[in-house]
Protein chains: 2
Amino acid sequence: MAMPGGDLRLAQDRFVAAWGQMGTAWGISRTMAEVHALLYITGEALCTDDIMARLEISRGNASMSLRALLDWGIVTRAHKRGDRKEYFLAEQDVWVMARAILRERLKREVEPLMAAMHETRDMTRASQGRRKDYDDHHERLDELLGLFEVMEVLVQRFVGPAGEGLQAAATLLKPDEP
Amino acid sequence: MAMPGGDLRLAQDRFVAAWGQMGTAWGISRTMAEVHALLYITGEALCTDDIMARLEISRGNASMSLRALLDWGIVTRAHKRGDRKEYFLAEQDVWVMARAILRERLKREVEPLMAAMHETRDMTRASQGRRKDYDDHHERLDELLGLFEVMEVLVQRFVGPAGEGLQAAATLLKPDEP
DNA sequence: GGAAAGTTTCAATACCTTCTGAAACATCGT
DNA sequence: ACGATGTTTCAGAAGGTATTGAAACTTTCC
């Protein structure tokens with residue numbers, strides 16, 4: 001019975017805000033998350049000016065965020081016939097989206113950490129097997145490296161190239177619950 | 001060949017720095033991550049002053065970070081006989097640690113988001129089935145909610161109360177590779 | 001009970017990331 | 001080739017979170 005029309009926009013705004021919030025909590029700039037949220041929830045191809053207007057952000061900010069989203073592979077360029085303006089479209093398959101995000105974060109943040117841990121371990125290799133404190137140190141590093149390796153395999157397996165794995169695994173897991 | 005003794009400390013510092021860096025990238029304060037890293041990698045029970053000295057941070061900061069780590073359940077209090085000072089010890093089982101971290105973040109960041117998405121969907125329920133744009137909007141929200149639900153189940157299943165699931169799953173997955 | 005040792009809180013400050021706005025740059029149509 | 005339209009970059013400003021340092025509070029021991 002409410003007047004229909006404005007509430008869709010309100011709902012979109014709510015979603016954009018929530019998604020933006022989540023972004024900040026996970027180390028993604030709020031605007032970047034909001035731009036993505038807007039493109040996803042509208043499902044439309046929007047141009048930079050549309051985004052600027054809707055989110056009330058500057059051109060520079062919009063441009064930077066769009067570039068980053070393109071880098072992440074969760075937004076693609078689109079063109080409208082007879083219009084040389086560039087439009088942007090969010091990946092609509094949430095599984096593809098999740099894959100892209102996980103892959104990117106794994107590459108950017110987890111792999112450097114693992115490399116650092118390996119280097120850290122090498123720093124004290126000379127004293128290995130001669131002193132308990134050094135051995136304990138190595139074991140702790142190895143435990144952590146093991147954890148990350150397993151997680152990496154899991155992620156790559158589920159959201160890697162094949163992709164449908166996650167879905168299958170999830171349904172496979174559910175029946176076990178009472 | 002290198003003089004042994006100092007290099008363990010250097011290696012620990014390296015690890016602390018790397019872990020701290022990772023923290024910031026995932027929305028955890030650098031200091032909190034560093035305190036945790038220090039406690040984990042030394043494996044020792046350290047008191048606030050030890051941590052302050054080693055990390056060169058203020059008392060207030062150390063206190064806040066320790067409190068947060070206790071809240072997360074990845075650091076516990078420890079007492080030394082004949083010393084009324086409080087010491088802190090990091091959880092040494094990396095699987096327990098991972099479980100605690102995932103559980104906490106799920107609760108703090110994912111669940112509020114899901115709640116917001118449900119609310120968002122309810123905001124436009126009135127127009128459901130009457131206009132295509134509204135229906136598309138609902139479908140997009142449902143897709144995303146579905147993704148999060150599956151991920152939640154996965155995480156809860158693997159790192160939930162039972163705990164050893166992840167390890168098993170990982171070894172189960174590995175053989176598939178060529 | 002009171003001094004000493006330990007712990008927590010909080011307003012002020014520092015720091016760092018994000019954002020703006022404008023200028024430089026690129027591309028297209030005529 | 002030139003003007004018009006669209007895009008990127010960047011130095012400076014804004015904003016927000018993390019950190020400090022000191023004061024308030026708590027506990028323990030004599």
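Each chain gets a letter, A, B and so on, in the order its sequence line appears, and its residues count up from 1. Please read all numbers here as calculations on a predicted model, not as lab measurements.
Under the 30°/60° scheme for interplanar angles, the aromatic rings of A:Trp19 and B:Phe148 are found to stand perpendicular. The aromatic rings of B:Tyr40 and B:Phe15 are tilted relative to each other, their planes meeting at an angle between 30° and 60°.
Within the structure, a side-chain polar atom (N or O) of B:Thr31 is placed less than 4.0 Å from OP1 or OP2 of D:dT19. Put simply, A:Ser29 has a side-chain N or O that comes within less than 4.0 Å of OP1 or OP2 on C:dC19.
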Detail all sub-3.5 Å separations between protein N/O atoms and N/O atoms belonging to nucleotides 3-9 of chain C.
unit_1 : atom_1 : unit_2  : atom_2 : d
C:dA5  : N3     : B:Arg84 : NH2    : 3.2
C:dT7  : OP1    : B:Glu86 : N      : 3.0

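Here the C1' atom of nucleotide D:dT7 and the CD1 atom of A:Ile51 are 13 Å apart, to the nearest Å. Whole-Å rounding puts the A:Glu56 CD to C:dG21 C1' distance at 16 Å. Between A:Leu70 atom CG and D:dT8 atom C1' the separation is 13 Å, expressed in whole Å.
For A:Phe88, there are no ring pair (Phe, Tyr, Trp, His ring centres under 6.0 Å) partners two or more places apart in sequence or in a different chain.
Taking 4.5 Å as the limit, every side-chain heavy atom of A:Met64 sits out of range of all side-chain heavy atoms of A:Arg67. Within the 4.5 Å cutoff, no side-chain heavy atoms of A:Leu8 are placed close to those of B:Ser127.
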Stepwise side chain to side chain donor-acceptor pair (under 3.5 Å) check, B:Tyr87 with B:Asp50 | CA-CA 9 Å; B:Tyr87 289 81; B:Asp50 295 335; 5.7 Å; no
